Q: 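Next up is a structure, given as structure tokens.
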Amino acid sequence: MDINSKIEAFSSLQKPQVAALKKLGLFTARDLLFYFPYRYLDFSKISTIKDLQAGGNVSLRGKIKTIGSRFSFHGRMSLAEAVISDDTGSIKVVWFNQPYLAKSLKKGDDLFLAGMPEYYNQGLQLANPIYEKASDFPVHTSRLVPVYHLTAGLYPKTLRNLIATVMHLCAQVTEILPAGIIHNQNLLTLPETIQFSHFPEDEGQIKKAQTRLAFEEIFINQLAAQKHRLELEQKQSFKIKFGQKLIGSFVKTLPFQLTPGQKKAAWEILQDLEKPLPMNRLLEADVGSGKTVVALMAALQAAAEGYQVSLLSPTEILAKQHFETAKKYFISQKIHFGLLTNAYSELDNGAETKEKLQKLITGGMPGIFIGTHALLAQKVKFKKLALIIIDEQHRFGVEQRAQLFTKAKKVPHLLSLTATPIPRTLQLAYYGELAISQIKSRPAGRKTIFTRLVNPQDRQKAYEFINRQIGDGRQIFVITPLIEESETLETKAAKTEFENLKKLFPKRTVGLLHGKLKSAEKEWVMSQFLGRKIDILVATSVVEVGVDVPNASVMMIEGAERFGLAQLHQFRGRVGRAEHQSYCLLFTQKEDPAILERLTAFSKTFDGFALAELDLKQRGFGQLIGGKQSGWNFKFFNPSYVALIAPAKEEALKLLKADLNLTNYPLLALQIKDKIVHFE
Ligand code: ADP
Ligand code: MG
């Protein structure tokens with residue numbers, strides 16, 4: 001038996017158990033070692049029988065005085081009954097429906113038992129305790145007992161026994177972290193970590209093991225990020241001259257004054273573009289802060305200098321919207337701008353065939369080319385691409401970002417835009433290699449979106465209000481509850497609400513948008529809404545991103561407690577994008593005071609960053625960034641380990657300075673191979 005042994009090799013396992021283990025992704029002894037418990041039961045204190053009390057988990061050690069089995073409840077249930085005693089007394093123990101126990105255990109056996117004593121027929125008894133033969137190395141009792149995620153057909157004891165059997169193979173695990181780092185950071189080695197995770201002697205060992213795992217994870221994250229940054233620094237990009245005159249005159253043509261935040265961000269970006277180093281910058285600002293115009297200023301500058309720019313959106317509608325904005329803004333500029341998606345193909349102010357547009361791009365015609373990631377498809381080969389702008393960057397999958405890779409000696413500058421506020425404390429963890437510009441100020445004159453948690457009794461009033469708003473020419477969003485892990489259930493909830501609202505508002509047009517629609521169908525529904533063909537749009541969380549429907553004035557959110565505050569804030573940002581006073585109405589069926597408090601806090605807070613911090617404190621990571629899309633799913637690292645980021649970064653940099661290609665650390669190189677951070 002070694003660390004690579006297949007689970008089929010364990011003679012103790014039956015076929016269904018092997019299948020269950022595989023379902024959990026456990027194929028080898030190594031997999032078992034790395035299958036960490038998600039919590040522990042504290043059975044570490046052994047009580048004497050005399051001191052037992054009802055309630056609370058206890059462990060005890062005793063010998064079987066008597067054991068036998070019988071049927072009870074009119075013969076429908078088998079009972080194994082035993083009396084166990086230690087030096088101080090004895091206690092009755094029963095096991096339901098485990099008749100084989102009476103055969104496998106016998107009088108005189110020395111046992112560890114763990115469970116919760118209770119009163120029964122005037123005496124204390126222990127029902128269905130976990131038991132095992134007493135030994136120096138208990139696995140299921142008399143210790144901190146690991147609890148694992150299981151699946152049908154696999155008992156806790158089976159898995160625990162199995163992991164205990166392979167524990168001695170820990171020594172064969174290859175360490176990933178360099179010895180120097182383990183030493184400097186006072187970390188456990190990997191074998192120790194595994195040992196302490198599964199079978200800790202005390203809480204301290206659990207904590208140390210978890211710290212080591214969190215450190216390793218954030219270290220690898222930093223290593224990937226910093227390696228990428230250092231490599232980028234060795235590359236060349238295009239020096240795009242900052243024409244203050246051009247930018248100044250462009251700003252004068254805008255129908256509004258730039259906010260101080262917009263000016264600062266634009267300045268930072270335009271400064272970066274002048275340098276020969278590839279820019280790698282994130283523009284982070286709350287919804288409605290006006291990121292688009294800032295991005296377009298950079299695009300204008302590059303196009304005016306004779307380069308190509310591509311602006312990529314997550315959806316066709318957004319691309320189209322950006323194109324319309326470009327038309328408005330660039331009408332008097334001497335630059336080209338095009339729209340190229342599956343559905344659209346336009347150049348400057350007129351329709352253009354896709355083929356022609358592609359040819360012009362391939363031929364190197366300077367300009368700004370707006371599209372979805374379809375623009376990255378093989379056919380479109382930019383000849384002078386100097387700047388890539390990615391809108392709503394968190395919606396871009398990792399693979400899509402990888403497609404941006406260019407083998408050319410000169411790499412384009414990259415600017416990505418996001419409305420996901422990431423608490424400052426975590427920015428380094430997520431975007432360690434990026435330069436960040438933030439716009440904190442919002443355009444003047446924006447009305448605050450009236451936000452209320454609506455009392456269930458007032459639902460009817462809310463509907464009447466909505467009806468009046470529609471009567472005034474406005475449009476309504478209704479968001480149905482998030483059902484994690486099940487798009488099917490989520491869609492069902494949306495469909496039900498859709499039917500419900502159609503009945504409630506027979507004279508209004510109700511639309512439906514959910515994740516099961518094909519993307520062209522989604523786009524179509526959104527365009528109907530945008531074109532005011534729909535009064536009320538019922539949608540699942542898919543509606544979250546970017547689209548500007550200036551005429552929508554009410555955002556109604558059902559099951560509001562299911563969303564993170566940052567996400568609620570994104571929804572709220574879908575309304576109030578024009579002059580109309582707008583409203584965000586939250587509904588919950590929960591009466592939990594903590595939930596009500598959280599939602600009430602949301603109704604009074606309008607700063608996305610403050611909400612993100614609050615989310616982080618209350619609900620941890622997961623809610624901040626759209627799970628899978630973030631590109632980083634931390635398994636062990638969480639906000640309580642923020643203090644590990646700085647040392648992890650420092651160690652990563654030290655290592656990379658000596659060995660950028662990680663030639664001496666093949667295992668680490670392998671670990672970061674697939675981690676594309678932001679842009680490559
Ligand atoms: P986001 O940051 O969410 O992408 P947008 O760029 O879509 O925001 O801008 C939201 C709206 O605000 C747009 O209609 C835009 O024209 C407008 N806007 C942008 N900057 C300003 C400003 N400085 N003053 C007034 N309105 C602005
Ligand atoms: Mg936007």
Side-chain angles (χ1 to χ4, degrees), residues 247-248 250-269 281-300 311-331 368 370-372 388-396 415-422 436-449 475 477 526 530 543-553 555 566-582 584 606-609 611-612 626 629:
I247 296 298
F250 171 72
V251 168
K252 282 207 193 90
T253 65
L254 291 173
F256 45 72
Q257 288 256 308
L258 289 180
T259 63
Q262 284 173 313
K263 279 187 200 155
K264 180 157 179 281
W267 176 264
E268 286 166 350
I269 295 162
R281 185 172 282 276
L282 180 71
L283 174 57
E284 197 185 15
D286 223 338
V287 279
S289 308
K291 292 183 286 292
T292 316
V293 68
V294 173
L296 289 179
M297 283 161 77
L300 169 65
L311 171 71
L312 307 174
S313 292
T315 65
E316 300 223 336
I317 296 192
L318 267 179
K320 174 96 174 143
Q321 230 168 43
H322 286 325
F323 183 68
E324 298 303 328
T325 307
K327 261 190 200 169
K328 262 195 329 220
Y329 290 173
F330 295 146
I331 196 78
I368 302 166
I370 301 171
T372 59
I388 298 175
I389 301 170
I390 298 180
D391 193 18
E392 308 290 353
Q393 73 100 24
H394 68 286
R395 296 296 288 240
F396 264 77
L415 173 67
S416 39
L417 317 182
T418 183
T420 307
I422 296 166
I436 295 179
S437 292
Q438 288 182 340
I439 305 176
K440 291 238 158 149
S441 41
R442 279 168 43 98
R446 284 283 159 79
K447 294 195 182 80
T448 302
I449 296 163
Q475 290 165 284
F477 282 106
M526 265 331 278
L530 203 55
V543 83
E544 188 190 344
V545 136
V547 181
D548 208 351
V549 185
N551 193 48
S553 66
M555 170 60 65
Q567 206 177 1
L568 288 176
H569 187 61
Q570 293 281 327
F571 290 139
R572 181 165 58 185
R574 296 296 107 231
V575 296
R577 294 172 79 90
E579 70 278 15
H580 317 295
Q581 173 61 51
S582 296
C584 177
F606 298 90
D607 174 348
F609 285 91
L611 288 168
Q629 281 141 357

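Please read all numbers here as calculations on a predicted model, not as lab measurements. We count ligands from 1, going down the list as the structure has it; atoms in each ligand are counted the same way. When a residue number appears, it is its place in the shown sequence, counting from 1.
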Q: Which heavy atom of Ser553 sits nearest to which heavy atom of Val575, and what is that distance?
A: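 What the structure gives for the nearest pair is C-CG1, 4.0 Å.
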Q: In chain order, what residues pass the salt bridge (Lys or Arg N to Asp or Glu O under 4.0 Å) check against Lys327, with sequence neighbours excluded?
A: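 Partners of Lys327 by the salt bridge (Lys or Arg N to Asp or Glu O under 4.0 Å) criterion, ordered by chain and then number, come out as Glu324, Glu346.
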Q: Answer yes or no for Ala285: is there a heavy-atom contact with ligand 1 below 4.0 Å?
A: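 Flag not set, Ala285 not near ligand 1.
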Q: Tell me which one of Arg574, Lys328, Lys291 gets a heavy atom nearest to atom 1 (P) of ligand 1.
A: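 Nearest heavy atom to atom 1 (P) of ligand 1 lies in Lys291.
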Q: Side chain of Arg574, backbone of Ala552: donor and acceptor closer than 3.5 Å?
A: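 No, Arg574 side chain to Ala552 backbone: no donor-acceptor pair under 3.5 Å.
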Q: Closer than 4.0 Å to some heavy atom of Tyr329 - which atoms of ligand 1 meet that?
A: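 Listed by number with element: 16 (O).
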Q: Please work out whether the ring planes of Tyr329 and Phe256 are parallel, tilted or perpendicular, with thresholds of 30° and 60°.
A: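 The arrangement is perpendicular - the two ring planes meet at more than 60°.
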Q: Checking the N or O distance criterion of under 3.5 Å, is ligand 1 in contact with Pro443?
A: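 No, since none of the N or O atoms of Pro443 sits under 3.5 Å from an N or O of ligand 1.
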Q: Do Ser437 and Arg281 have side-chain atoms, one donor and one acceptor, less than 3.5 Å apart?
A: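 Yes.
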Q: Can you spot which of Thr372, Val549, Leu530 makes a side chain to side chain contact (heavy atoms under 4.5 Å, CB included) with Ile317?
A: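 Passing option: Leu530.
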Q: Quick one: which ligand 1 atoms are inside 4.0 Å of a heavy atom on Gln257?
A: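 By the 4.0 Å cutoff, the relevant atoms are 22 (C), 23 (N), 24 (N).
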Q: Considering only heavy atoms of Val287, which atoms of ligand 1 have at least one such atom less than 4.0 Å away?
A: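 Under 4.0 Å from Val287, ligand 1 has these atoms: 3 (O).
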Q: Check each atom of ligand 1 against the heavy atoms of Thr292 and keep those under 4.0 Å away; list them by number with element.
A: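 Answer, ordered by atom number: 4 (O), 5 (P), 6 (O), 7 (O).
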Q: With heavy atoms of Thr259 as the reference, note each atom of ligand 1 found under 4.0 Å away.
A: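 Result: 23 (N).
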Q: Considering only residues two or more places apart or on different chains, which pairs with a residue in residues 284-297 satisfy side-chain hydrogen bond (donor to acceptor under 3.5 Å, both in side chains)?
A: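 Every pair satisfying side-chain hydrogen bond (donor to acceptor under 3.5 Å, both in side chains) with a residue in residues 284-297: Glu284-Gln427, Glu284-Gln438, Asp286-His569.
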Q: Does ligand 1 come near enough to Gly288 that some N or O of the ligand is less than 3.5 Å from an N or O of the residue?
A: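 There is such a contact, yes.
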